[in-house]
**Student:** 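Handing you a structure now.
Just so it is clear, the structure is predicted and the values come from calculations on it, not from any experiment. A, B, ... follow the sequence lines: proteins, then strands. Residue 1 opens every chain.
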2 protein chains.
Amino acid sequence: MTEKKHRIPDVVIRRLPVYLRYLQQLMSYDVDTVSSQQMGHDLNLNPAQIRKDLSIFGDFGVKGMGYRVSELADKLSKILGLDKEIPIVLVGVGNLGAALCRYNRYQKSATKIVGLFDGHPAKIGQVHGSLEVRPMEELVDFVRQNNIKMAIITVPAAAAQSVCDALVAAGVKAILNFAPVLLNVPEGVRVQNSDVTVELQALAYYL
Amino acid sequence: MTEKKHRIPDVVIRRLPVYLRYLQQLMSYDVDTVSSQQMGHDLNLNPAQIRKDLSIFGDFGVKGMGYRVSELADKLSKILGLDKEIPIVLVGVGNLGAALCRYNRYQKSATKIVGLFDGHPAKIGQVHGSLEVRPMEELVDFVRQNNIKMAIITVPAAAAQSVCDALVAAGVKAILNFAPVLLNVPEGVRVQNSDVTVELQALAYYL
DNA sequence: TAGATTGTTAATCGATTAACAATC
DNA sequence: TAGATTGTTAATCGATTAACAATC
């Protein structure tokens, strides 16, 4: 265990959930072990890359045999922090927000939306699943009181930065942003943008 | 104009829509020119990278002065193929599908959803905006007759591959896939995956 | 033991960035 | 002309892949 841990590349972190989902699929088929070769084939990745990614976090494999599926899934869950429930607030209960909310309910995932917020008075009190939409005024207190560290932003572009500021002030450390703006956040806060327009436009190039 | 064009990296293509949106914003503020320095500052990118990206496609800048905003926006639109309307079919009109459909209506974008399809009988005939949901049986003909090259898949994971196969058979060349599965497509067809679960799980790591 | 597959080193490949001559 | 900024080359950085000794 050396002191100077090399920073783990984002690109590796983003592959871990892909591995995890694949392993969970294998588990549902009662597959016990899998080789990097097999994984690489099924996931369209280089086996050496998979072995390298995994070996960053530990010696999870068995030489001559591969990886024990459920054991590796457990390890990856723990590495990602998905072994305990992660409470999330969603801000902006428009069509997309409501869709994400409903989607999340049907997943048995560690990431769980526990609070809905909207700035539009007409939306307050609407119920989505078991959650009632709350007014923006309650956002900061709610985040603080429930020790929430992750948020989803699905408000219009114009409102996104101020929502983001409020979230950050309340202690949120990771934001999944669907608004088409570049959010400004302080050091230590992580933003992941998801932008359908950008994705469609990039795809257009290949036509 | 050399014959052997170096393949343009995907990562460059994915930055172009970001540049484009930024330029359009500048236009709305009546800004005439912008330097790579300024762009880099506003977009959190290295100015040299921006110049390099742009110079792949032509000499768009003016030395000592920067880039003419609206001219560059035009060029980028053309490069991405956004100078003409791109018709899209959306398959799977659940919550997410409906949200994307409504979102698309309010954008003045070149990419335009022109057909909605769903395999669920109850959904057929429902109207979203000006579009009526059609049965899956009509998908292939519709795509062929309207010469559609781009599609959005928002069906459940289990149905995604067969929808994909139908789309590809009908001539679709670019797919934005929201189903949490790795789609199998032949050479020459482009798939872009968008997966909220993967993104949330990767974010969880940084908490 | 023989066969298989890991973990890891070294080689390769590709993308980012710095630096600067060209030039508006 | 002086100042600014491009387009591009060369240097750097980082990620992917091949190869193989270790070992189950």
Side-chain angles (χ1 to χ4, degrees), chain A residues 1-2 4-19 22-23 26 31-76 79 202 205, chain B residues 1-2 4-19 22-23 26 31-76 79 202 205:
Chain A
M1 194 109 334
T2 47
K4 186 191 184 311
K5 286 214 170 135
H6 299 75
R7 221 188 64 76
I8 296 159
D10 287 356
V11 68
V12 172
I13 300 300
R14 287 183 60 82
R15 279 194 291 267
L16 300 187
V18 177
Y19 298 153
Y22 171 74
L23 293 167
L26 290 186
V31 178
D32 278 343
T33 67
V34 66
S35 67
S36 61
Q37 168 98 160
Q38 182 66 43
M39 284 184 71
H41 173 266
D42 294 343
L43 295 173
N44 265 178
L45 295 170
N46 185 299
Q49 182 173 66
I50 295 172
R51 293 201 299 280
K52 196 154 207 259
D53 284 355
L54 297 177
S55 71
I56 294 177
F57 301 99
D59 290 7
F60 299 146
V62 183
K63 287 190 170 76
M65 188 239 217
Y67 299 86
R68 279 186 241 278
V69 174
S70 81
E71 191 189 305
L72 184 55
D74 276 3
K75 299 280 190 188
L76 289 181
I79 290 164
Y205 173 82
Chain B
M1 195 110 335
T2 48
K4 186 193 184 306
K5 287 214 168 136
H6 298 76
R7 220 190 64 77
I8 297 161
D10 288 355
V11 67
V12 172
I13 300 300
R14 287 183 60 80
R15 278 193 292 265
L16 300 186
V18 177
Y19 299 154
Y22 172 73
L23 293 166
L26 290 186
V31 177
D32 279 344
T33 66
V34 64
S35 66
S36 60
Q37 168 99 157
Q38 182 66 42
M39 285 184 73
H41 173 265
D42 294 343
L43 295 174
N44 264 178
L45 296 171
N46 184 300
Q49 182 173 67
I50 295 172
R51 293 201 300 278
K52 197 153 206 258
D53 284 354
L54 297 177
S55 72
I56 293 177
F57 302 98
D59 290 6
F60 299 146
V62 183
K63 288 191 172 71
M65 187 238 218
Y67 299 87
R68 280 187 240 278
V69 173
S70 81
E71 191 189 306
L72 183 55
D74 276 3
K75 299 280 190 187
L76 289 181
I79 290 164
Y205 174 81

**Student:** Quick check: are there more than 12 heavy atoms from other residues, nucleotides or ligands sitting under 6.0 Å from CD of B/Gln37?
**Tutor:** no

**Student:** Do A/Tyr19 and A/Leu54 have side chains that approach each other closer than 4.5 Å (heavy atoms only, starting at C-beta)?
**Tutor:** yes

**Student:** Round to a whole Å and report the spacing from CD of A/Gln37 to C1' of D/dT17.
**Tutor:** 14 Å

**Student:** Roughly how many Å is it from CZ in A/Arg68 to P in D/dC24, rounded to a whole number?
**Tutor:** 12 Å

**Student:** B/Asp59 has a side chain; which of D/dT8, D/dT17, D/dT5 sits nearest to it?
**Tutor:** D/dT8

**Student:** Would you kindly give the CG-to-P distance between B/Asn46 and D/dC13, to the nearest whole Å?
**Tutor:** 13 Å

**Student:** Work out which heavy atom in A/Ile8 is nearest to a heavy atom in A/Ile13; give both atom names and the distance.
**Tutor:** CG2-CD1, 3.7 Å

**Student:** Of B/Val62 and A/Lys63, whose closest DNA chain D nucleotide lies nearer the 5' terminus?
**Tutor:** B/Val62

**Student:** Compare side-chain N and O positions of A/Tyr67 against OP1 and OP2 of C/dG7 and report whether any pair is under 4.0 Å apart.
**Tutor:** yes

**Student:** With nearest nucleotides of DNA chain D determined for B/Val34 and B/Lys52 from heavy-atom distances, which residue corresponds to the more 5′ nucleotide?
**Tutor:** B/Val34

**Student:** So what is the 5' to 3' dot-bracket string for DNA chain D, if pairs are Watson-Crick or G-U wobble with both distances under 3.5 Å, crossing pairs use [ ] and | means the partner sits on another strand?
**Tutor:** ..||||||||||||||||||||||

**Student:** Checking side-chain contact (heavy atoms from CB on, under 4.5 Å) between A/Arg15 and each of A/Asp10, A/Leu45, A/Leu43, which is the one that passes?
**Tutor:** A/Leu45

**Student:** Using OP1 and OP2 only, check whether a side-chain N or O of A/Ser36 sits under 4.0 Å from C/dT5.
**Tutor:** no

**Student:** Take atom CG of A/Leu72 and atom P of C/dT5, then tell me their distance rounded to the nearest Å.
**Tutor:** 16 Å

**Student:** Atom CG of B/Leu54 and atom P of C/dA15: how far apart are they, to the nearest Å?
**Tutor:** 16 Å

**Student:** With respect to the phosphate group of C/dT16, does any side-chain polar atom (N or O) of B/Arg15 fall under 4.0 Å of OP1 or OP2?
**Tutor:** yes

**Student:** Report the distance from atom CD1 of A/Ile50 to atom P of C/dT5, rounded to the nearest whole Å.
**Tutor:** 14 Å

**Student:** Between B/Arg14 (CZ) and C/dG14 (P), how many Å, whole number?
**Tutor:** 19 Å

**Student:** Look at the side chain of B/Gln49 and decide which nucleotide, out of D/dA18, C/dT16, D/dT16, has an atom nearest to it.
**Tutor:** C/dT16

**Student:** Calculate, to the nearest 0.5 Å, the distance between atoms NE2 and OG belonging to B/His41 and B/Ser36 respectively.
**Tutor:** 13.5 Å

**Student:** Calculate the interatomic distance between A/Phe60 atom CZ and C/dG7 atom C1'; express it in whole Å.
**Tutor:** 12 Å

**Student:** Look at the side chain of A/Val11 and decide which nucleotide, out of D/dT6, D/dA15, C/dC24, has an atom nearest to it.
**Tutor:** D/dA15

**Student:** Any chance you could measure A/Leu72, atom CG, to A/Met39, atom CE, to the nearest 0.5 Å?
**Tutor:** 6.0 Å

**Student:** Is the phosphate of D/dG7 approached by B/Arg51 (side-chain N or O, under 4.0 Å from OP1 or OP2)?
**Tutor:** no

**Student:** Which pair of non-hydrogen atoms, one from A/Tyr205 and one from B/Ile79, has the smallest distance, and what is that distance?
**Tutor:** CD1-O, 3.4 Å

